[in-house]
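Lettering of chains follows the sequences in order, A, B, ..., and the numbering in each one begins at 1.
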Protein chains: 2
Amino acid sequence: MHTEERPFDVMEPDCPSRVVLQRIGDKWTPLVFQVLKDGPRRFSAIRTSIQGVTPKVLTQTLRTLERDGLVARTVYAQVPPRVEYRLTPLGETLLGPLDAVRIWSEEHAGKILQARQDYDGQPEGQVG
Amino acid sequence: MHTEERPFDVMEPDCPSRVVLQRIGDKWTPLVFQVLKDGPRRFSAIRTSIQGVTPKVLTQTLRTLERDGLVARTVYAQVPPRVEYRLTPLGETLLGPLDAVRIWSEEHAGKILQARQDYDGQPEGQVG
DNA sequence: GCTCATGGTATCTATTGGAAACCCAGTACC
DNA sequence: GGTACTGGGTTTCCAATAGATACCATGAGC
């Protein structure tokens, strides 16, 4: 992709890109992407992989991602029901950026935990 | 940095890296980083740059970033008060990943808006 | 006609986010 | 010497969101 025109700017409060940024930066989205990265998964499989997410919230997350064209939902008419979720081509383009943030988190979690411990009882930086 | 051992895994529900991931993926953090990227800024300057954030929430966001060692807060003892926020070295290492997500948002906001419009009245993908 | 599995909803409560008003210290002005 | 202004917040109150828990519909198999 050559240098594309980007008319959107997250610093503009009414810019749609800000809405998009806050949506993809929500609590469960990066984890859903992490699960779907390796191929289609069923609802219960996603739920099991991401421990701690309740079905209500997972449904909400997946519905939003579907509406935004990042995830596709396929219902197979069989019993018991079978519903598969997979990344769309658009969703796959988001894997790189989300992975960068995930890897950063895993690499620096230790330093942040350390900073939190150091923070207690620390005097404020004061100058002047 | 060579290939460092990464003992943290965001898919583990109790792993600190998940907490970190969800913290840096919160609503205002990427925008704060975007403002501080170019150097130290005062509270009111940050608030003006990021339109739409209330002082209470901006304070909460900055305090958390400070506690996590990503942002440094300096109080100058003068009147009217003067408080500067700047990225720490650790915070600067997060600029790259956050920029990747921001740029993705700005590049693909149009496609997501389109998907939202197409979503209305769309029949479900159903296979049998 | 009881049970199981799947993919969810419904209901209620706890936590978080946001809007609006207020506060404090010192300094400049009148 | 009273008043207003300034910066960096805090307080209070209310709305929106997240989470826990229970429940539901369908049809197959027993």
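Nucleic acid contact for Arg82(B): sugar-phosphate only, since backbone atoms but no base atoms lie under 4.0 Å from a heavy atom of the residue. Using a 4.0 Å heavy-atom cutoff across all strands shown, Arg42(B) reaches sugar-phosphate atoms only and no base atom. Residue-level contact check: Lys27(A) touches the backbone only, with heavy atoms under 4.0 Å from sugar-phosphate atoms and none from bases.
For Tyr85(A) and dG8(C), the shortest distance from a side-chain N or O to OP1 or OP2 is below 4.0 Å. Residue Trp28(A) places at least one side-chain N or O under 4.0 Å from the OP1 or OP2 atom of dG19(D). Contact check, Ser44(A) against dG7(C): a side-chain N or O comes under 4.0 Å of OP1 or OP2.
Rounded to an integer number of Å, the gap from CG of Leu58(B) to C1' of dT16(C) is 16 Å. With rounding to whole Å, Gln60(B) atom CD is found 12 Å from dT11(D) atom C1'.
The residue among Thr59(A) and Lys56(A) whose nearest nucleotide of DNA chain C is located toward the 5' end is Thr59(A).
Annotation: side chain of Phe33(B) is not in contact with side chain of Asp99(B) (no heavy-atom distance under 4.5 Å). Annotation: side chain of Ser49(B) is not in contact with side chain of Ile46(B) (no heavy-atom distance under 4.5 Å).
When each of dA20(D), dG7(D), dT9(C) is scored by its nearest atom to the side-chain atoms of Arg63(A), the top-ranked nucleotide is dT9(C). The listed nucleotides are dA18(D), dG7(C), dG8(D); the one nearest the side chain of Phe43(B) is dG8(D). Nearest to the side-chain atoms of Pro81(A) among the listed nucleotides dG9(D), dG18(C), dT6(C) stands dT6(C).
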